[in-house]
Number of protein chains: 2
Amino acid sequence: MTVDGHATIRDVAALAGVSVGTVSRVLAGNQTVKHGLLLRVRAAIEELNYRPNQAARALRSNRVNVVGLLIPDITNPFFAQMANDLERLAADAGYALILSSSHNDQDREARQFMAIMEHKPLGVIFVPTKGRPDVVVPERTRVLAIDRRAEGFASITVNQRESAALALDHLVALGHQRIAYFAGPESTDNARERREGFLARAASLRSAGQPLEVEVFIGDFDFESGEKLARALLNCPPKYRVTAIAAASDQQAIGAIRTARDLGVVVPTDLSVVGFDDITLASLVVPRLTTVLQPVREMAETAFKQITAGTDAMKSEEFMGRLIVRDSTAAAAPHVTSD
Amino acid sequence: MTVDGHATIRDVAALAGVSVGTVSRVLAGNQTVKHGLLLRVRAAIEELNYRPNQAARALRSNRVNVVGLLIPDITNPFFAQMANDLERLAADAGYALILSSSHNDQDREARQFMAIMEHKPLGVIFVPTKGRPDVVVPERTRVLAIDRRAEGFASITVNQRESAALALDHLVALGHQRIAYFAGPESTDNARERREGFLARAASLRSAGQPLEVEVFIGDFDFESGEKLARALLNCPPKYRVTAIAAASDQQAIGAIRTARDLGVVVPTDLSVVGFDDITLASLVVPRLTTVLQPVREMAETAFKQITAGTDAMKSEEFMGRLIVRDSTAAAAPHVTSD
DNA sequence: CTGTTAGCGCCTTCAC
DNA sequence: GTGAAGGCGCTAACAG
């Protein structure tokens, strides 16, 4: 017994009448233990309610059943969902999750990264703030970027360009020809790529003969930005208005819907709105938001699988967004397309 | 140097020309090291980019710079805020935060609790699901319940009764006399206590001569519940309607506002709405939500301070909610109060 | 004040 | 197949 009342591997060995080596082998699931001893050891473990000391294990093997997660901000619903999925995966596999926030600050990111490293995690999954974080990573620690790419690391991402184009395809299929795109801040790669993908698809449709006008408005990813951009945009007579808005985030889209309602513009009859992300709130607003889902759960599963995949090299994977059609989009009113 | 390329305390000692004991003392912030040596050690640490091995430290001292956090669900904005505040406090104090979710499942809670324990955290802060979790806690581990009480543990809570009464006081001061209360699920202590506090204050006001009618509707804490209860309630002519709704959660309140708008009931002119919690969304909806703030940040600070307070016994503390007046409440229309 | 040293609990050779 | 023993990196107790 240790001071704190916990049994050690020696107590187990003594009770089972074997050596610590044998207990250790049983713990490791080593097949080379005779069945009788195995049962005795198991019984002793049970009786003493023995739990291996993770610290000792970590010290010896320089690796502990911990996975680090470093994200910009846990109060962002998108990252909260990601943390939730990863925590569940980790817990079910017997790993603990160390959570840390960079608050989009590169220095803080580097500091937090190193702080996580001190705990000798099996691996670290992180959402890079920008560029390559200034950290030294031991060869054996498995590190993976998620949601955003980071120089020098494998990454699990979503193809932003193609996914953003899905929103445009959907609107065009509904007959919309005058469309506004609410972009996110140009300082983030994801916002820029979404905008580029959206515009590239627009250009390609136009050169295929599709009549189409797209106006771009640049803002932030949040609710207020969506409200503000929409207010400027919708404050004109219907015949001059766009018939649809595609936004770079669900928050923007929800803000736009709110403004539309304030201005008496009916969604989706007078105006279609598409978001991006599929946060939980998207299916709770009225009307329920049509959006492009980022497959967070699958990304989390893939990331976790790679982190725990033994010694294989990490490799980047790219996912596709999926269009989720709900109630905020509808066919363009015919009188708007003509004339 | 160890295999993984990281310097150890011995490398630092060698480079600085001192013993490991001295380095250890410097690390511990021990004052009894001569200034010259201290500087040499610091320089060596810097040069080698030395990071103490937390596992070794944990093994030796049976205590590691880790705090465990066990909450029901990180995707709940209220808990996300709490996790955010705690993570920040922990990081700034040099602690790592192990995050774990119970998903309101008692068995899972117990399992996760023990899993955290294996990592020998300095302490654990947890939001109890119900009753006393079935766990064995070593004497030295500091455990604290937060947001909800748990038998056998000190807890950091909000006085639900008094806080809920604040909402009523506010509405009554605005002249409201017919009020609906949207309660949360009776299976949770917090929901029950909020309802009881609200009704107790109503009774006390009435017996002091204040004309007042309160109708209680029981639902869940979420958006949909608020919408549903409001729909049933508001679908009648103004003269039969309540003039105000107080809800047990911001989500319910926001749902109610949404329904009101759908039914053409103008908030706050025709109907005042008060929430509870002050989630981030509360100040983003239109109209911005009047609500009772739960002082999450202060609770987190108190909890963290206690956990890291050395050997003092933990003690329960109770906070008060604070009324945050925004735009969803206004004076009752005079014609409603008469007749 | 500083150096030396004995383990913390576990895993992993190395003998047998 | 099993036991014995060394040592992972660090802290704390004890000498000096």
Side-chain angles (χ1 to χ4, degrees), chain A residues 1-41 44-45 48-66 117-120 122 138 140, chain B residues 1-42 44-45 48-66 94 117-120 122 138 140:
Chain A
M1 285 290 197
T2 65
V3 239
D4 68 355
H6 263 120
T8 75
I9 198 170
R10 271 214 279 277
D11 302 319
V12 176
L15 181 60
V18 300
S19 73
V20 293
T22 302
V23 178
S24 179
R25 280 183 273 268
V26 171
L27 255 34
N30 202 319
Q31 299 297 338
T32 71
V33 178
K34 234 195 307 202
H35 198 62
L37 290 192
L38 187 127
L39 292 182
R40 291 227 307 276
V41 170
I45 288 176
L48 294 173
N49 193 23
Y50 165 76
R51 298 313 194 95
N53 181 326
Q54 295 291 340
R57 181 172 279 182
L59 177 58
R60 180 59 226 243
S61 56
N62 219 23
R63 173 155 65 98
V64 62
N65 287 348
V66 163
M117 283 303 174
E118 287 178 18
H119 293 275
K120 305 282 182 226
L122 176 63
R140 55 205 314 328
Chain B
M1 286 288 195
T2 64
V3 234
D4 68 356
H6 265 158
T8 76
I9 198 170
R10 272 214 277 278
D11 302 319
V12 175
L15 182 61
V18 299
S19 74
V20 293
T22 302
V23 178
S24 179
R25 279 183 275 267
V26 171
L27 256 34
N30 203 318
Q31 299 296 339
T32 71
V33 177
K34 231 193 308 202
H35 197 64
L37 290 194
L38 185 125
L39 292 183
R40 291 225 308 276
V41 171
R42 288 230 179 104
I45 288 176
L48 294 173
N49 193 23
Y50 165 75
R51 296 316 191 101
N53 181 328
Q54 296 290 344
R57 182 174 277 179
L59 176 59
R60 180 60 228 237
S61 56
N62 219 23
R63 170 159 65 97
V64 63
N65 288 347
V66 163
M117 283 303 174
E118 286 179 20
H119 293 275
K120 305 276 186 237
L122 177 63
R140 55 204 318 323

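Residue numbers start from 1 in every chain, and the chains themselves are labelled A, B, ... in the order their sequence lines are given, proteins ahead of strands. What you see is a predicted model, and the numbers here were worked out from it, not measured in a lab.
Of the listed residues (Val12(A), Thr8(A), Leu37(A)), just one forms a side-chain contact (heavy atoms from CB on, under 4.5 Å) with Val23(A), and that residue is Val12(A).
Side-chain atoms of Leu27(B) and Ile45(B), non-hydrogen and from C-beta on, do get closer than 4.5 Å to each other. Two residues are said to be in side-chain contact when any heavy atoms from C-beta on lie closer than 4.5 Å; Leu48(A) and Leu15(A) meet this criterion.
Counting only distance, with no hydrogens or angles, the side chain of Ser24(B) and the backbone of Val20(B) share no donor-acceptor pair below 3.5 Å.
Closest contact between the side chain of Lys34(B) and the listed nucleotides dT2(C), dT2(D), dG3(D) involves dT2(C).
Spacing between atom NE2 of His119(A) and atom P of dC10(D) amounts to 13 Å, rounded to whole angstrom units. Rounded to a whole Å, the CZ atom of Arg51(B) is 17 Å from the C1' atom of dC10(D). The CG-P distance, from Asn65(B) to dC10(D), rounds to 13 Å in whole Å. Distance CD (Gln54(B)) to P (dC10(D)): 10 Å, rounded to an integer number of Å. Atom P of nucleotide dC10(D) and atom CG of Asn53(A) are separated by 17 Å, given to the nearest angstrom. Atom CZ of Arg10(B) is separated from atom P of dC8(D) by 6 Å (rounded to the nearest Å).
Between Arg25(A) and Val33(A), the shortest heavy-atom contact is CB-CG2, 3.8 Å.
Looking at which nucleotide of DNA chain D each of Gly17(A) and Leu59(B) is closest to, the 5′-most match is held by Gly17(A).
Residue Ser19(B) places no side-chain N or O under 4.0 Å from the OP1 or OP2 atom of dT4(C).
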Determine, for nucleotides 11-16 of chain D in 5'-to-3' order, which nucleotides have protein heavy atoms under 4.0 Å from the base (write B), from only the sugar-phosphate (write S), or from neither (write -). BBB---
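A distance of 9.5 Å separates CZ in Arg40(B) from OG1 in Thr22(B), rounded to the nearest 0.5 Å.
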